[in-house]
Amino acid sequence: MSIPSKYEAEKVEDQWYNYWMDNGYFHSTPDSREPYTIVIPPPNVTGILHMGHMLNNTLQDVLIRRARLMGKNACWVPGTDHASIATEAKVVARLKDRGIEKSDISREDFLDYAWEWKNEYGNVILEQLKKLGCSCDWERTKFTMDEDMSASVIRVFVDLYNKGMIYRGYRMVNWDPEARTTLSDEEVIYEERQGLLYYIAYPVEGSDEQLVVATTRPETILGDTAICIHPQDERYSHLKDKRVIVPICNRSIPIIEDEYVDLEFGTGCLKVTPAHDENDKALGEKHNLETIDIFNADASLNSHGIHYEGKDRFVVRKEISAELEGLGLLKKTEPYTNKVGTSERTKAVIEPRLSEQWFLKMDTLAKPAIDAVLHTGEVKFFPKKFENTYRHWMENIRDWNISRQLWWGQRIPAYYYGKGSQDYVVAEDADMALKLARDKSGNDKLQTTDLLQDEDVLDTWFSSWLWPISVFDGILKPENEDFKYYYPTSDLVTAPDILFFWVARMIMAGYEFKGQRPFENIYLTGIVRDKQRRKMSKSLGNSPDALELIAHYGADSVRVGLMLSSAAGNDLLFDEALCQQGKNFANKVWNAFRLIQGWEIQDIPQTEAAKLGLEWYRAKLAKTLSEINDHFDKYRISDALMSVYKLVWDDFCSWLLEIVKPAYQQPIDRITYNTIIELFEANLRILHPFMPFLSEEIWQRFGKRAKEQALIVSSWPVITLEDQEMIPEFEFASTVISAVRNIRKEKNLANKEALELRLIDKEKLNQRWDV
RNA sequence: GGGGUAUUAGCUCAGUUGGUUUAGAGCGCUGCCUUGACAGGGCAGAGGUCACUGGUUCGACUCCAGUAUAUCCCACCA
């Protein structure tokens, strides 16, 4: 026999992928069929394929391939995200390696370097998806900073500004001192950190008394502009209206009273630093306090830091506590765990910072998006439990800080023509801006050169929230064919950790800009963890290399491994043994093929056993298929796969093939052979979404019999339920067979020794027992 | 601090509106099987007082309350 007994995935996968590509099977154009559309969650251009991507994209490919088989016009749009912070950080690091500082080059030069990076690495991850077998329509590949994509973002910004939904605000924002930009609330991750609570004494002016304040951040005392006590706190009532001296900088600040202070915490005294804490800022505004910002953009101290100027905040924390101790003003320290905000991207500790930023009002955007999920059911979550999380966030939504102090991204289309706070206009381009600026200022002499465009770019998510619309150019050309045909899309498959960043905002954008949902079903995957439930991460080094896995087990096996335990919303405890299971399964199917194709066909009568076996399997297949379809309808992909797995392994291989298999070196009758091929092909169609390469390979080897030229574009089986009675009858027979095998084993009877089987009437049997 | 979700065989999970299930699956485990598709295999097995405590009910893995544990999300307590 020339066919190897082990399935060799590596020898066929690339070949079939190229074959599908060459025949344009992945490409979709609008036609009369029903569309089925998925837009990929665009991975970062800087990214390389990790387990999360593998899980996510396998699921999308399973859904797309099944839809394609079901006769829908399946379109899976791939692409990448410019990921402003992450990419800019990488470009900055690369420049540093070349001895170039970002601050030493112009914006234009920097962007040239960034594009150079993008062009070099931007497609790596998409190429890796091909190894997985993803059947994306590569002709439609988009990038969030493609010219039309960026133009869409700018148009949307201008539109929202003109609707009065975008405003500038001097606010306390999350500042990432490493990336030197603001972050949205969602990009801040709170971590428990072990720190100290410092008890610092402030001398009371004109007395020997000291007021002791507890703080976790002694370095910020230089920005203190008041001490706050509770109005009902009798311990301090004698100090009302007095002032204290801030140690080290020896500034005199007032003692104020406010009920905000917690009597129980620390000493009951609160230092107020309006520039560096959200609550302190509120107190400051309420009590008309001065605001002293003591930090530079990189969180080193500025001139307010006196002799600490230029030093990093954490260095200063140590040094200043030492100095205070020397002065006898550090009364004590005690261990204290508090939550510290860190940057999702750079891991730097976030600094609350006051600055001028752009915000998007969210309340009116949220309303239709809440209705769509919670009331009308236009948008559905799988699993449903995430609707609660969604509701909670949406009902407490806060305005979105959309400006970022970066260069890589869509530059905010605001143009300043003067120093006044209102001396700016918002327009899609400089010419339009000039016109508006002349109107607004009443100054006809203004020139383009008098306009200064805002230095900041927009948050990356401000472009990705348009993704399902903008990939079809639905913002700029709302009437175009593609958009009208493919939008709204069908399913979205993504991870729950970007539910707020991305999913919720896409829903809002869908209703705001198109008056329609962006997609109907949202499948939220779990997070891929290792066997010890730890999240897979680069730093832990517990994530297997995706491409190595594929190389070692074959893409189909890895897909099966991933799908086997991918119940929606459940975390996946990844274990390579799952890939091995997939590989074993692939081999099982392969060997079923080997067996069948090795048979010699003759025109001899069909045996009764074969006839009944085939009838039974057809009924079983029909029943299982309807279960599988039901699982798909409920997005229970792992259950669907398990059903196929058992159907093929247990029912088809273990039972049916054993029943029809001719004796050694004996021929098989033509009818049985043809029926087996037909049933095997039905199995392959069902298998195809999960194991596209193996199924296509076997299908093509049966090629001379297949009507369609390729499995990928054949059809999902439709089998009407035939004689349902066959199933329980067969179950009875198989139970008897198992029982007989068991008796053989107990009595040590050889398999080749024929046994006499007698049927005893059940009624009589009971009578006998009654005696 | 506030909410969500979970707790079923060694592991990962099903168990759909309370009574056809004596509680299921896959993997793992145990025993036996060397020529004829496949040891990446075959056959036959073992294994669970459904977290705990009450309650509702003729009847609860399934509904309710509480406890414990786990996990996630949200929140400005110095």
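Aromatic ring orientation, Trp649(A) versus Phe585(A): parallel (interplanar angle below 30°, classes split at 30° and 60°). Taking the six-membered ring for Trp and thresholds of 30 and 60 degrees, Phe295(A) and His276(A) have ring planes more than 60 degrees apart, a perpendicular arrangement.
Using a 4.0 Å heavy-atom cutoff across all strands shown, Asn587(A) reaches at least one base atom of the nucleic acid. Base contact: Glu658(A) has a heavy atom under 4.0 Å from a base atom. Using a 4.0 Å heavy-atom criterion, one finds that Leu270(A) contacts the bases of the nucleic acid, with or without backbone contacts as well. Within the nucleic acid shown, Cys653(A) comes within 4.0 Å of at least one base atom, counting heavy atoms only. Within 4.0 Å (heavy atoms only), Lys661(A) reaches at least one base atom of the nucleic acid. Among the protein residues, Trp649(A) comes within range of the sugar-phosphate backbone only, with heavy atoms under 4.0 Å from sugar or phosphate atoms but none that close to a base.
Atom pair Glu627(A):CD and rG15(B):P shows a separation of 14 Å (rounding to whole Å applied). As rounded to whole Å, 11 Å separates atom C1' of rA25(B) from atom NE2 of His631(A). Atom pair Leu641(A):CG and rC13(B):C1' shows a separation of 14 Å (rounding to whole Å applied). Remark: C1' of rC73(B) and CH2 of Trp393(A) are 13 Å apart, rounded to the nearest angstrom. Nucleotide rC72(B) holds its C1' atom 19 Å from the OH atom of Tyr390(A), rounded to whole Å. Atom P of nucleotide rC38(B) and atom CD of Glu8(A) are separated by 15 Å, given to the nearest angstrom. Computed from coordinates, the His276(A) NE2 to rC76(B) P distance equals 19 Å when rounded to whole Å. Rounded to whole Å, atom P of rA78(B) lies 9 Å from atom CG of Asn279(A).
Side-chain proximity of Thr216(A) to rG4(B), rA78(B), rA37(B): nearest is rA78(B). Taking only side-chain atoms of Val261(A), from C-beta outward, the nucleotide of rC38(B), rA78(B), rG41(B) with the closest atom is rA78(B). When distances are taken from the side chain of Leu657(A) to each of rA37(B), rC76(B), rG40(B), the shortest belongs to rA37(B). When the nucleotides rU16(B), rC38(B), rG26(B) are ranked by their closest atom to the side chain of Arg594(A), rC38(B) comes out on top. In the set rC74(B), rG42(B), rC76(B), rC74(B) carries the atom at the smallest distance from any side-chain atom of Phe500(A). For Gln581(A), the side-chain atoms get nearest to rC27(B) when compared with the rest of rC73(B), rC27(B), rC74(B). The Asp639(A) side chain lies nearest to rA14(B) when the options are rC38(B), rA14(B), rC76(B). Proximity note for Lys583(A) (side chain, C-beta onward) versus rA37(B), rG26(B), rG40(B): the nearest is rG40(B). When distances run from any side-chain atom of Ser654(A) to the nucleotides rC72(B), rC77(B), rG42(B), the shortest one goes to rG42(B).
Positionally, the nearest nucleotide of RNA chain B for Arg533(A) lies more toward the 5' end than for the other of Arg533(A) and Ala592(A). For Asp277(A) and Tyr7(A), each mapped to the nucleotide of RNA chain B holding its nearest heavy atom, the one lying further toward the 5' end belongs to Tyr7(A).
Only the C1' atoms considered, rG59(B) is 16 Å distant from rU21(B), to the nearest whole Å. Comparing rA46(B) with rC63(B), their P atoms sit 31 Å apart, to the nearest whole Å. rA44(B) and rC27(B) are spaced 14 Å apart, taking the P atom of each and rounding to whole Å. Only the C1' atoms considered, rG47(B) is 9 Å distant from rC29(B), to the nearest whole Å. Using P as the reference atom, rC52(B) and rG10(B) are 14 Å apart when rounded to the nearest Å. rC77(B) and rA65(B) are spaced 30 Å apart, taking the P atom of each and rounding to whole Å. Nucleotides rU5(B) and rA78(B) place their C1' atoms 33 Å apart, quoted to the nearest Å. Here, rC50(B) and rC33(B) have their C1' atoms 36 Å apart, quoted to the whole Å.
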task = Just do the salt bridge (Lys or Arg N to Asp or Glu O under 4.0 Å) check on Glu278(A) and Arg353(A) with the steps written out, would you?
result = CA-CA 9 Å; Glu278(A) 180 92 53; Arg353(A) 190 179 201 223; over 6 Å; no
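Closest approach of Pro254(A) to Leu289(A), counting heavy atoms only: CG-CD2, 4.2 Å. Nearest heavy-atom pair across Val660(A) and Trp599(A) is CG2-CH2, 3.9 Å. Listed here is the closest heavy atom pair of Lys588(A) and Cys653(A): CE-CB, 3.7 Å.
A 3.5 Å limit on both hydrogen-bonding distances identifies no Watson-Crick or G-U partner for rC38(B). Under the Watson-Crick or G-U wobble criterion, with both distances below 3.5 Å, rA44(B) is paired with rU30(B). A 3.5 Å limit on both hydrogen-bonding distances identifies rC74(B) as the Watson-Crick or G-U partner of rG1(B). Shown here, rA51(B) forms a base pair with rU67(B); the pair counts as Watson-Crick or G-U wobble because both key distances fall under 3.5 Å. Nucleotide rU16(B) forms no Watson-Crick or G-U wobble pair with any nucleotide shown, as no partner meets the under 3.5 Å limit on both distances.
At least one side-chain nitrogen or oxygen of Asn570(A) sits closer than 4.0 Å to the OP1 or OP2 atom of rA14(B). Between Arg636(A) and rG15(B) there is a side-chain polar atom (N or O) within less than 4.0 angstrom of OP1 or OP2. Listed pair Arg398(A) / rC76(B) meets the phosphate criterion, a side-chain N or O lying under 4.0 Å from OP1 or OP2. Taking only side-chain nitrogens and oxygens, Trp655(A) never comes nearer than 4.0 Å to OP1 or OP2 of rG42(B). At the phosphate of rG42(B), OP1 or OP2 sits under 4.0 Å from a side-chain N or O atom of Lys588(A). Contact annotation: Tyr336(A) reaches the phosphate of rA78(B) (side-chain N/O to OP1 or OP2, under 4.0 Å). Note on Tyr645(A): a side-chain N or O is less than 4.0 Å away from OP1 or OP2 of rC27(B).
Distance check, rounded to the nearest 0.5 Å: OG1 of Thr182(A) to CG of Asn401(A) gives 4.0 Å.
Two residues are said to be in side-chain contact when any heavy atoms from C-beta on lie closer than 4.5 Å; Ile628(A) and Val644(A) meet this criterion.
For Glu278(A) against rA78(B), a side-chain-to-base donor-acceptor contact under 3.5 Å is absent.
Looking at Phe652(A), Phe593(A), Trp699(A) one by one, the single match for ring-ring contact (aromatic ring centres under 6.0 Å, His included) with Phe680(A) turns out to be Phe652(A).
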